[in-house]
**Student:** 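Structure in structure tokens, see below.
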Amino acid sequence: MADVEATLDAAGVTNPAVREYVRYYAELTGAERVEVVTAADDARLIQEALDAGELFPAGEGRYYSRSYHKDTARSEERTIVATNDEKDRGVYNNWKPASEMKPLLEDRMRGASAGKTMYVIPYLMSPPGNDLAPWATGVQVTDTRTVVLHMIRMARVGIEHVNEAGDNFVRAVHVTGDLENLGQGTDDDMRYFVTVGDERTILHFGSSYGGNALLGKIAHGLRQGAYDGWASKKFLAEQYMLIGIHDKETGKDYHICGGFPSASGKTNLAMMLAPDSLGERYHVSFYGDDIAWLWVNEEDGKLYGMNPEYGVFGVAKDTNEKTNPTALHSVDPGTGTIFTNVAYNPNTEEVWWEGRTPNPPEDVHGWLDWTGSPIADRKDSDSSPWAHPNSRFTTTLDNVPNIAADYNASTGVPIDAIIFGGRTRDREPLIRAITDLAEGVYDGLTLGAEATAAAEGKEGVLRYDPMSNRPFMAYGEGDYAQHYLDIVGAAKEQPIFAHVNWFQRDPEDGHFLWNGYRDNLRPLLWLLQLKNGEVKGRQTAVGIIPLEEELQLEGMNTKPEDLKTILSIDKARWQEEMANREEHLKQFDNMPEAIWEAHRRVAADLENEEA
């Protein structure tokens, strides 16, 4: 049994509440050893993981890992928000009573780390000194060394973040369990990923992968953060990207955040560079691709945002020089990047994934797919992917080539615009701006993307993903809508809202009507000009749409007929959509009347819209 007290003394952990917490779970899980880690331990832990065969070298200063084949993604049906008040039950948060879930999880964790090291990870999910740092402090315990290495890349890790925190920190407990005997996906599934919101405790059992195991990320950064923001009435925790745009001609800086459902272009937008024809004037900076916390600064009354994370946990699939050169160079040799579940060649220490190059490496000798099986042994008829579709890379923000100079500033950055965007082949124009707060929040609540498989819904019908937060809702959706209205509404200078769509297709031949990628800066520049009163646009029932001459299109070769389509509204299609939106919103209790008024206003305006 571990000598917990001596270990904590040696590490300099002086916070009595942290010591008590670590002692309790070391005893409960039966860990043989306890080790307190900081970012300074990274090189040593990397070497230990290499020596133990938990990591493999992937070129200079890069590493490869492979997860258990049934442990490759988040599991929404096993993810639960538990509290002590059933009023917190929502449609999406899989609410359960804390009195039921805590004993169940602790029973599964009991003795499950016998013979293992319990790593203690003190962390901060905000820039140091930020207004929200009291809600961003946490201590994760885990029995898996690779989880520590990912957390060092994804959070600010160090004892200095917790010694003065008193009892005000998130207790984040991760126990891997016996992965080969957990019944994943069966009626006997043993896994549970529970956030006990009103006790600020996270209990995850049965995975060592991604958001299931890196508890600072989704469990704290989104679910616990959202609950804390609501309970404190101080902030919003959203699954948003955050970028900066610098106008070299005027010297002005702008900041845009926004939510996008899966496969709707969020990471590519977050890491976007200016198109060549606009690069002389505009510079785009990266703050974050996944989470933003928003609050009103009490001193100047403005809405501010920051990325609580310290790294990027990016999807590898289809990342290449065209789609996202920024991401590709964030994982260059020497960056300390960890690749997970991509294809790997131990002879050459190379990695590869679908979309990295147009075709896989021609010489398959030595290549292993994501399960570790030799590609050379495959039958000619085997066309299964070399890399898992959810394969990942983990790298720090400092490795991102266009990282904002002030990403770690305690102040955060003022937010000028909040955008939403779902992948739809029709219905949604390139961009439509919304200047009314309630209509902006209403639009976010009815955000959706087309179903990606027949089983997910009818073709052409959106799978709604409110604010892109559907898997991360921590309390009731109606209460969430009111909290959003309250937080943003308290800002003396309101951000402008907008809905964007890069994915309209020609119904005849299926080509995309908009170039996308770096050219997505162009409609965002128009949005900022609209907010500044420099352009007028065209008012429609669902928002303001650019006039073609207002967009900075130099260097583009978009067909005139394509531009006309993406800068117009299909009235009949939108009226269908309004009926679907009403049905969607009706499932939520306590939806604010302001949201229903916005819905009725848009529906009535559509009636009067010219076809």
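Heavy atoms only: backbone and side chains are in, while hydrogens, waters and symmetry mates are out.
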**Student:** Between F420 and H499, does the ring centre distance come in under 6.0 Å?
**Tutor:** no
**Student:** Tell me the closest heavy-atom pair linking F503 and N501, and the distance in Å.
**Tutor:** N-OD1, 3.1 Å
**Student:** Between the main-chain N or O of A136 and the side-chain N or O of Y123, is there a donor-acceptor pair closer than 3.5 Å?
**Tutor:**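 Not a single qualifying donor-acceptor pair exists.
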**Student:** Do you see a donor-acceptor pair shorter than 3.5 Å between the side chains of H365 and D363?
**Tutor:** no
**Student:** Within the 4.5 Å heavy-atom criterion, are W502 and W514 side-chain neighbours or not?
**Tutor:**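 The answer is yes; the side chains approach within 4.5 Å.
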**Student:** Quick one: closest heavy-atom pair of R145 and A52, and the distance?
**Tutor:** NH2-CB, 3.5 Å
**Student:** Looking at every heavy atom in both T558 and L513, which two are closest together, and how far apart are they?
**Tutor:**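 So the minimum-distance heavy-atom pair works out to CG2-O, 3.6 Å.
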**Student:** Do you see a donor-acceptor pair shorter than 3.5 Å between the side chains of S262 and R463?
**Tutor:** no
**Student:** Using distance alone, with no hydrogens and no angle criterion, decide if N408 and R156 have a side-chain donor and acceptor under 3.5 Å apart.
**Tutor:**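 Yes, a side-chain donor-acceptor pair sits under 3.5 Å.
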**Student:** Heavy-atom count check: over 12 atoms from other residues, nucleotides or ligands less than 6.0 Å from K322 NZ?
**Tutor:**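 No.
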**Student:** Short question: side chain of S391, backbone of A316 - any donor-acceptor pair under 3.5 Å?
**Tutor:** no
**Student:** Between N268 (side chain only) and N324 (backbone N and O only), is there a donor and an acceptor less than 3.5 Å apart?
**Tutor:**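 No, because the side chain of N268 does not come within donor-acceptor range (under 3.5 Å) of the backbone of N324.
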**Student:** Return yes if a side-chain donor-acceptor contact under 3.5 Å exists between T176 and T144, otherwise no.
**Tutor:**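 Checked: T176/T144 side chains pair up, N/O donor to acceptor below 3.5 Å.
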**Student:** Out of curiosity, L430 CG to D562 CG, how far, rounded to the nearest 0.5 Å?
**Tutor:** 11.5 Å
**Student:** Centres of the W352 and W367 rings: under 6.0 Å?
**Tutor:** no
**Student:** Hey, is K217 close enough to D290 for a salt bridge, meaning N to O under 4.0 Å?
**Tutor:** yes
**Student:** Salt bridge (charged side-chain N to carboxylate O under 4.0 Å, His left out) between D369 and R66: does it pass, once the steps are laid out?
**Tutor:** CA-CA 10 Å; D369 70 15; R66 184 184 301 124; over 6 Å; no
**Student:** Determine yes or no for a side-chain-to-main-chain donor-acceptor pair under 3.5 angstrom, with N341 supplying the side chain and S67 the backbone.
**Tutor:**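 At least one qualifying donor-acceptor pair exists.
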**Student:** When you measure from the side chain of R581 to the backbone of D443, do you find a donor-acceptor pair of N or O atoms at a distance under 3.5 Å?
**Tutor:** no
**Student:** So, taking the atom named NE2 in H204 and the one named NE2 in H174, what distance separates them when rounded to the nearest 0.5 Å?
**Tutor:** 9.0 Å
**Student:** Under 3.5 Å, side chain of N307 to main-chain N/O of F286, donor-acceptor pair present?
**Tutor:**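 Between the backbone of F286 and the side chain of N307 there is no qualifying donor-acceptor contact (under 3.5 Å).
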**Student:** Check L447 against S468 and note the closest heavy-atom contact, atom names and distance.
**Tutor:** CD2-N, 3.5 Å
**Student:** Ignoring hydrogens and geometry, is there a side-chain-to-backbone donor-acceptor pair from R392 to F313 under 3.5 Å?
**Tutor:** yes
**Student:** Cut-off 3.5 Å, side chains only: do H69 and E180 have a donor facing an acceptor?
**Tutor:** no
**Student:** Nearest heavy-atom pair of P346 and G366: which atoms, and what distance?
**Tutor:**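 Looking at all heavy atoms of both residues, the shortest contact is CD-O, 3.2 Å.
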**Student:** Are the side chain of T340 and the backbone N or O of S65 linked by a donor-acceptor pair below 3.5 Å?
**Tutor:** no
**Student:** Is any side-chain N of the basic residue among K564 and E561 closer than 4.0 Å to the acidic one's carboxylate O?
**Tutor:** no
**Student:** Does any part of the side chain of F260, heavy atoms only, come nearer than 4.5 Å to the side chain of I419, both counted from C-beta?
**Tutor:**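 Yes, close enough: below the 4.5 Å cut-off.
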**Student:** Donor-acceptor pair, distance only, cut-off 3.5 Å: does the side chain of R223 make one with the backbone of T195?
**Tutor:** no
**Student:** Decide whether D382 and S384 meet the rule of one side-chain donor and one side-chain acceptor closer than 3.5 Å.
**Tutor:** yes
**Student:** State whether R281 and D247 are salt-bridged, where the test is any N-O pair (Lys NZ or Arg NE/NH1/NH2 against Asp/Glu carboxylate O) under 4.0 Å.
**Tutor:** yes
